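Order of appearance sets the numbers: ligands from 1, and atoms from 1 within every ligand. Positions are given from 1 along the sequence. Fair warning: this is a prediction, and the values are worked out from it, not measured in the lab.
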Amino acid sequence: MTALSADAAAALRGRFVLLGVSGGIAAYKAAALARALVTAGATVQTVLTPGATAFVGAATFAGLTGRPAHSDVLADAHEIRHVAIARAADVAVFAPATANLLAKFATGLADDLVSSAFTCLTCPVVLAPAMHTEMWQHPATQANVALLAARGARIVGPDDGPLAGGDTGLGRLADDAAILAAVAAALAPAGGDRAGALRGRRVVVTAGGTREPIDPVRYIGNRSSGKMGYALAVAAAQRGAVVDLVAAPTALPDPAGVTTHHVETALQMRDAVVALAHDADVVVKAAAVADVRPADYSPHKLRKDGGGLSAVALAPNPDILGELGASRNGAAAGRPLLVGFAAETEREEQHGRDKLQRKGLDLVVVNRVDSRDAGFDVDTNRALLLDRDGRRTDVPLTSKAALAGVVWDHVEALLTGPAD
Ligand code: CTP
């Protein structure tokens with residue numbers, strides 16, 4: 001029996017949950033999920049893709065939920081089932097969500113009951129992806145997940161562990177407890193129990209990697225995808241903050257409920273951040289800022305042979321956070337509250353503490369960027385939070401959205417600490 005907190009159980013009681021199941025081996029686990037949702041007091045309407053029915057029968061779900069499970073969009077066509085089910089739903093959870101299902105959802109394809117119902121949904125959506133590691137890591141899948149997350153879907157998992165066919169890796173369906181918690185959180189007001197916790201606060205978040213142009217075709221850049229910064233901006237908005245997102249180039253769509261300022265270079269980012277920081281309560285610098293830029297921009301494409309490409313001189317970029325910290329006269333606990341990120345490959349605590357001191361920060365979020373499931377261009381992260389009061393918090397591997405929540409929890413505590 002899946003353990004569920006009292007709050008989560010209360011959130012599910014009496015609610016209408018649309019459970020969408022697609023055709024992966026993890027479909028068999030959706031039966032246990034259906035059972036757990038029913039046990040928590042929810043009404044569960046199951047819809048299955050044709051692929052899902054190859055793994056688990058509709059009768060299983062009908063027996064567990066006490067309602068017929070549907071898979072045919074054209075059966076009883078007069079009921080316009082995909083619309084009726086979507087309208088009734090308080091929350092929709094798709095578990096497992098295969099790569100194919102995510103691709104359909106991202107593009108709006110509606111060629112079966114599950115995808116047709118999805119395109120009718122106006123309620124919160126939880127997606128629990130499950131597939132082989134290669135499929136999960138494919139850029140198309142990652143782009144689809146990022147798009148769906150930016151549109152507001154909660155992504156839970158996948159986990160690392162045994163997969164079908166004797167393989168092991170990232171791609172395993174999240175466990176029941178995690179999916180149930182995500183469904184309950186989706187039913188709670190935006191921001192969960194922290195909704196409104198940042199109301200009246202102005203926050204500035206930076207994201208992405210700056211590009212420093214060499215000539216019209218080349219630039220110095222880095223591997224930042226912007227996902228962590230975007231997750232932080234969305235989470236702050238959900239908690240009621242007024243959010244300015246200063247975004248260096250990313251492939252992500254502008255998030256809803258946030259004012260996005262697009263910049264390209266470190267100098268442009270500095271100008272934007274310094275201007276916005278005057279009125280801000282918090283500045284979170286998740287952006288990867290290029291430490292150097294070409295000293296001179298060449299308006300003509302540089303030639304590789306004797307044309308200057310191998311002799312491009314570099315000039316240091318300003319340390320934006322360092323400047324903000326110094327302008328508070330180095331006084332931690334002043335305003336705005338400053339949060340930095342530190343991408344490290346070794347001795348992370350030592351480097352993190354050093355950055356906290358050197359830049360005059362209140363909190364630093366240290367990432368290890370040398371593993372494949374954390375850091376650059378993935379949806380998961382693990383981190384070490386170090387604050388000005390010497391506290392340290394380890395955040396094990398989790399989604400970037402969940403890590404954003406932990407960061408804001410800390411920021412809220414620092415904002416309401418002795419400095420206020
Ligand atoms: N940062 C900044 N301006 C810069 C460089 C970094 O504001 N020119 C910010 C980043 O946004 C991040 C933090 O400082 O929040 C740490 O970035 P990182 O690149 O890890 O640190 P550096 O100061 O560049 O130190 P080093 O490269 O020596 O590790």
Side-chain angles (χ1 to χ4, degrees), residues 203-213 219-233 236 244-250 261 263-277 280 282-295 314-328 330 332 336-371 374-377 381-388 395 400 403-404 406-408 410-411 414:
V203 310
V204 177
V205 178
T206 71
T210 67
R211 289 181 182 174
E212 313 297 329
Y219 59 83
I220 297 172
N222 61 67
R223 293 184 54 203
S224 173
S225 65
K227 288 179 178 176
M228 190 64 234
Y230 275 57
L232 282 157
D244 287 292
L245 173 64
V246 180
T250 73
H261 310 259
V263 298
E264 187 168 346
T265 65
L267 292 177
Q268 291 166 357
M269 180 170 279
R270 178 184 56 179
D271 290 348
V273 171
V274 167
L276 292 164
V282 187
V283 175
V284 181
K285 287 226 63 225
V289 183
D291 292 312
V292 293
R293 66 178 184 278
L314 301 176
N317 270 328
D319 184 333
I320 305 169
L321 257 187
E323 283 186 8
L324 292 176
S327 68
R328 299 190 311 181
L337 197 129
L338 297 179
V339 181
F341 272 69
E344 305 294 346
T345 54
E346 39 136 30
R347 290 186 296 159
E348 55 262 45
E349 178 147 8
Q350 188 184 327
H351 287 307
R353 289 238 170 266
D354 177 56
K355 269 173 206 170
L356 192 77
Q357 286 287 327
R358 184 159 41 89
K359 303 194 187 214
L361 308 181
D362 301 283
L363 180 68
V364 68
V365 182
V366 190
N367 282 140
R368 282 213 60 137
V369 289
D370 55 350
S371 70
F376 296 119
D377 210 21
N381 218 345
R382 63 167 68 81
L384 172 64
L385 272 55
L386 304 169
D387 76 13
R388 64 185 186 221
V395 185
K400 286 186 174 172
L403 176 57
V406 177
V407 171
W408 288 119
H410 271 69
V411 168
L414 290 168

For ligand 1 and [X], I'd like to know whether there is a polar contact (N/O to N/O, distance under 3.5 Å).
{"X": "Gly340", "value": "no"}
{"X": "Asn317", "value": "no"}
{"X": "Ala286", "value": "no"}

Answer yes when Lys355 and Glu344 have at least one side-chain N-carboxylate O distance shorter than 4.0 Å, and no when they do not.
yes

Ignoring hydrogens and geometry, is there a side-chain-to-backbone donor-acceptor pair from [X] to [Y] under 3.5 Å?
{"X": "Thr206", "Y": "Ala287", "value": "yes"}
{"X": "Thr210", "Y": "Ala290", "value": "yes"}
{"X": "Arg328", "Y": "Gly360", "value": "yes"}
{"X": "Asn222", "Y": "Ala288", "value": "yes"}
{"X": "Arg388", "Y": "Leu363", "value": "no"}
{"X": "Asp362", "Y": "Leu338", "value": "yes"}

Run the contact test for [X] against ligand 1 with a 4.0 Å cut-off on heavy atoms, strictly below, and give the result.
{"X": "Pro318", "result": "yes"}
{"X": "Ala342", "result": "yes"}
{"X": "His351", "result": "no"}

Going through the distances and angles, do Gln268 and His261 end up as a side chain to side chain contact (heavy atoms under 4.5 Å, CB included)?
CA-CA 10 Å; Gln268 291 166 357; His261 310 259; over 6 Å; no

With heavy atoms of [X] as the reference, note each atom of ligand 1 found under 4.0 Å away.
{"X": "Ala287", "value": "10 (C), 11 (O)"}
{"X": "Lys285", "value": "2 (C), 7 (O), 11 (O), 12 (C), 15 (O)"}
{"X": "Ala343", "value": "20 (O)"}

For [atom], what is the nearest protein heavy atom, given as residue, atom name and distance?
{"atom": "atom 18 (P) of ligand 1", "value": "Lys355 NZ, 3.6 Å"}
{"atom": "atom 24 (O) of ligand 1", "value": "Asp291 OD1, 2.9 Å"}
{"atom": "atom 13 (C) of ligand 1", "value": "Phe341 O, 3.0 Å"}

Is at least one protein non-hydrogen atom found at under 4.0 angstrom from atom 28 (O) of ligand 1?
no

Flag: protein heavy atom within less than 4.0 Å of atom 3 (N) of ligand 1:
yes

Identity of the nearest option to atom 9 (C) of ligand 1, non-hydrogen atoms only, from Glu344, Arg293, Lys359, Met269
Lys359

Heavy-atom side-chain proximity of Leu385 to Val365 below 4.5 angstrom:
yes

Given that the side chain starts at C-beta and the backbone is N, CA, C, O, which of these parts of Leu321 lies under 4.0 Å from ligand 1, counting heavy atoms, or is it both or neither?
both

Is it true that, when you exclude Gln357 itself, more than 12 heavy atoms of the residues, nucleotides or ligands shown sit nearer than 6.0 Å to its CD?
no

